[in-house]
Amino acid sequence: MAGKWTGGIVTEAGDEGPLAVEEWIPVTVPGRSPTFAGADGPIAYRTTFADPRSHPAERTRLALRGAYGRTRVWLNGTLLGEHSPYFVPAQFEFDPRETNEVLVVCEPPDESGAGGIYETDAVPAETGVPGIWWDVEVQVRPTTFVSSLDVRPRTTDDGAVIETEVTVDAGEAIDDAVTLSLRPEGFRGGGSMERVAVRADAGERVTVSKSLEVRDPSLWWPRGYGPQHRYTVRAKLGEESAERTVGLRTIERDEEGLVVNSRRVRVRGINRRPSVGEDASEDVRRAIDANATLVRARGHVPSSDFYAACDEAGLLVWQDIPLAGDEFEFDVDRATALLESIATTYGSHPSLAMYGIRDDPHEPFADPLGSGTLAKLRFRWRAWRASGDHADADAEAVAATVPDDRPVVSVAGQPGLDPAAAHLSPGWRYLEADDVDWLLERYPDLGRVVGDVEAGSLSDTAESSDPTSIPGLDASILERRADGVEASQTVQAATLKTVVEALRRHGSGILVAGTLRDAATGGGVGVLSADGTTKPAFDVLADAYEPVQVVLDGPAEPGSVGLALCNDTDERVETTVAWRAGDEGGEISAVADAFVSTPLETVEIPSTASELTLEFAIDGRPVRNSYRL
């Protein structure tokens, strides 16, 4: 929607719109204006536009995507309606004048945690500025048109079926038929065409449904397991049409992880936090560069552009319900409604693999622990206390309402909460990174599904920032772990490497480690800085996430050191590993069955060596891993 927008903080509001605005200033819409960061009240946005119609019989709608907060829309002084949540598209029909003024007021979420991560200090205030984040446009439609097309794909014993619902908005009486067509996108495959009758009186809105059968369907696969086949469903009425693109696949979860299309998939994931100016396609590309097979949308719901990019790339998505953690009381009804809205809005995307219900409901390790034997005793005490205080019946109740066949994680949190997915922080919030083996031996269930491995660092822009004011980065931990940009990045990389490789040796079926990007300039828990600059932890994570990788089975220090071959593929692997440490080196034969971590021979590292390198080839592709000693 082209045009000049102005915005301002509402100082007095009423049913007829904002009664007073502090000051109207030029703003960019869609977008997030940092000027309004931290404002207590609603934010108003306004612009004018001319009548877009070429014929008076045409109809007009105002369409919003990403309208964050309780959103109310006025046109020429008349309230068109209100809308939430932000990830559900909003549409308002109106009768335009020759010149029109639209006024959109976005009010911050109430103090219930319903804003998810945007209501926490994990992201800067400007990330959650109420406004229209993704898109706004004035649409022109004929008198009668297809107002919506909903599709739900499912596989069957005989192939697949795509359930369709077409809503027709009839401005005049109609007795016609909607043509439904199915075509493969970018590959050879069978299409189909069906017609479904639609009858309506003038001013009536009717919905018709039809099942489209797909014979010999071509399935959508996660990256590395097969092609990302998709189909486009088109509903046409006269000259007007609507389209949706879907993928066909099955997904289940068992004790060992995910099963997609009846084939085992070992998940190596990374968290994503929202940021100002985020680029969906760029985030997907960088996640793939890190050898991730899944992205966890933690505490927020990304745009449909992000899901479309994941569909195309074959990247799975773990989608959290956008509710904040232990700062707010968990609202079962609100969580259930949000879950249903997510499923309705994004359920046709094959990349949407699993849901997360409750994130960090309690924080037993908010106060960091040290290292050593005494710290382990304190760790066990806090874990025991957390277990006694915690109950997840509410999260389980919401999880039971999942409206489709996707797996669900009821609670993701820290040790002691009996979480369905563990958040681990050895080497950062408690103990040392090398203590991860003790942790997994003491609490073996923690390694089955891991929702985060935490470690942070400063970025190159930190020289002009106060570390204590960087959102999402605990400065007290940073001060204890490292001093300065370079040292903190070295600690972050070493911590992630040690913990992630240990989790792979222990056979984690679903492993999500680290965060893709810092939420703010100056630093954070991202393996990339806020502007996309690569930190050392990015390359370390990419190496640790190689589908087949040789890792150390113990500390990186001189002497006899064990190795292990980790195989996340569904095929047996045989290779030869070349190792070198200082002036010493050699070759080791390595074999690992599918989805197995196999111990290898030990190697003798001389005391004079400063680095150990491990190299081998898989299907002619070289793979490398290295350690500072």
Side-chain angles (χ1 to χ4, degrees), residues 66-71 82-90 107-123 127-128 130 133 152 251 253 271-274 294-304 306-307 317-349 352-363 386 389-414 417-423 449 451-452 510 512:
Y68 180 71
R70 179 194 175 205
T71 300
E82 65 178 70
H83 176 79
S84 67
Y86 64 94
F87 54 85
V88 176
E107 186 175 347
D110 55 25
E111 296 182 356
S112 65
I117 199 170
Y118 298 112
E119 287 192 64
T120 71
D121 58 5
V123 296
T127 306
W133 292 350
R152 287 294 179 268
I251 187 162
R253 180 182 159 202
N271 284 280
R272 179 187 191 261
R273 292 184 178 181
L294 176 145
V295 172
R296 179 184 176 191
R298 189 167 178 185
H300 74 291
V301 182
S303 69
S304 58
F306 174 80
Y307 271 96
V317 179
W318 168 346
Q319 178 62 63
D320 278 1
I321 290 179
L323 286 174
D326 68 342
E327 299 176 35
F328 305 95
E329 183 178 352
F330 186 75
D331 188 323
V332 172
D333 292 337
R334 175 164 279 178
T336 302
L338 286 170
L339 176 61
E340 182 177 356
S341 295
I342 293 170
T344 300
T345 306
Y346 295 113
S348 62
H349 288 278
L352 177 49
M354 54 195 296
Y355 298 111
I357 305 301
R358 199 167 185 191
D359 186 52
D360 274 337
H362 301 281
E363 295 190 12
D389 295 340
H390 173 62
D392 59 7
D394 288 346
E396 294 287 354
V398 177
T401 69
V402 169
D404 53 33
D405 61 349
R406 289 175 171 89
V408 59
V409 172
S410 56
V411 175
Q414 299 181 35
L417 306 181
D418 191 24
H423 293 161
V449 179
D452 189 22
I510 299 176
V512 181

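Taking OG from Ser341 and OH from Tyr346, the interatomic distance works out to 11.0 Å, rounded to the nearest 0.5 Å. To the nearest 0.5 Å, atom CD of residue Gln414 and atom CG of residue Asp452 are 9.5 Å apart. Distance CD/Glu340 to OG1/Thr345: 10.0 Å, rounded to 0.5 Å. Asp333 CG to Thr336 OG1: the interatomic distance, rounded to the nearest 0.5 Å, is 6.0 Å. The distance from atom CG of Leu339 to atom CG of Asp404, rounded to the nearest 0.5 Å, is 8.0 Å. Expressed to the nearest 0.5 Å, how far NE2 of His423 lies from CG of Leu417 amounts to 10.0 Å.
Ion pairing of Asp394 with Arg358 is absent here, as no side-chain N (NZ or NE/NH1/NH2) approaches a carboxylate O to less than 4.0 Å.
Shown here for Gln319 and Ala297, the closest heavy-atom pair between the two residues is OE1-CB, 3.7 Å. Smallest separation of non-hydrogen atoms from Ile342 and Ile321: CD1-CA, 4.2 Å. Across all non-hydrogen atoms, the minimal contact from Ala343 to Pro403 is CB-CG, 3.3 Å. Counting all heavy atoms, side chain and backbone alike, Ala399 lies closest to Ser410 at CB-CB, 4.3 Å. The two residues Phe87 and Pro322 make their nearest non-hydrogen contact at CE2-CG, 4.1 Å. Across all non-hydrogen atoms, the minimal contact from Arg406 to Ala353 is CB-O, 3.8 Å.
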From CA spacing to verdict: side-chain contact (heavy atoms from CB on, under 4.5 Å), Met354, Ile251 | CA-CA 9 Å; Met354 54 195 296; Ile251 187 162; over 6 Å; no

Would you sort out whether Leu294 and Val512 count as a side-chain contact (heavy atoms from CB on, under 4.5 Å), showing the intermediate values?
-> CA-CA 8 Å; Leu294 176 145; Val512 181; 3.9 Å; yes

Run the side-chain contact (heavy atoms from CB on, under 4.5 Å) check on Asp359 and Arg298 step by step: do they pass?
-> CA-CA 8 Å; Asp359 186 52; Arg298 189 167 178 185; 3.1 Å; yes

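Two residues are said to be in side-chain contact when any heavy atoms from C-beta on lie closer than 4.5 Å; Pro361 and Asp392 fail this criterion.
Without hydrogens or angle criteria, His362 side chain to Gly413 main chain gives no donor-acceptor distance under 3.5 Å. Between the side chain of Arg253 and the backbone N or O of Val408 there is at least one donor-acceptor pair closer than 3.5 Å. No side-chain donor-acceptor contact under 3.5 Å links Arg273 to the backbone of Val123.
Within a 6.0 Å sphere centred on CD of Glu82, other residues, nucleotides and ligands contribute more than 12 heavy atoms.
Taking the six-membered ring for Trp and thresholds of 30 and 60 degrees, Tyr86 and Tyr118 have ring planes more than 60 degrees apart, a perpendicular arrangement.
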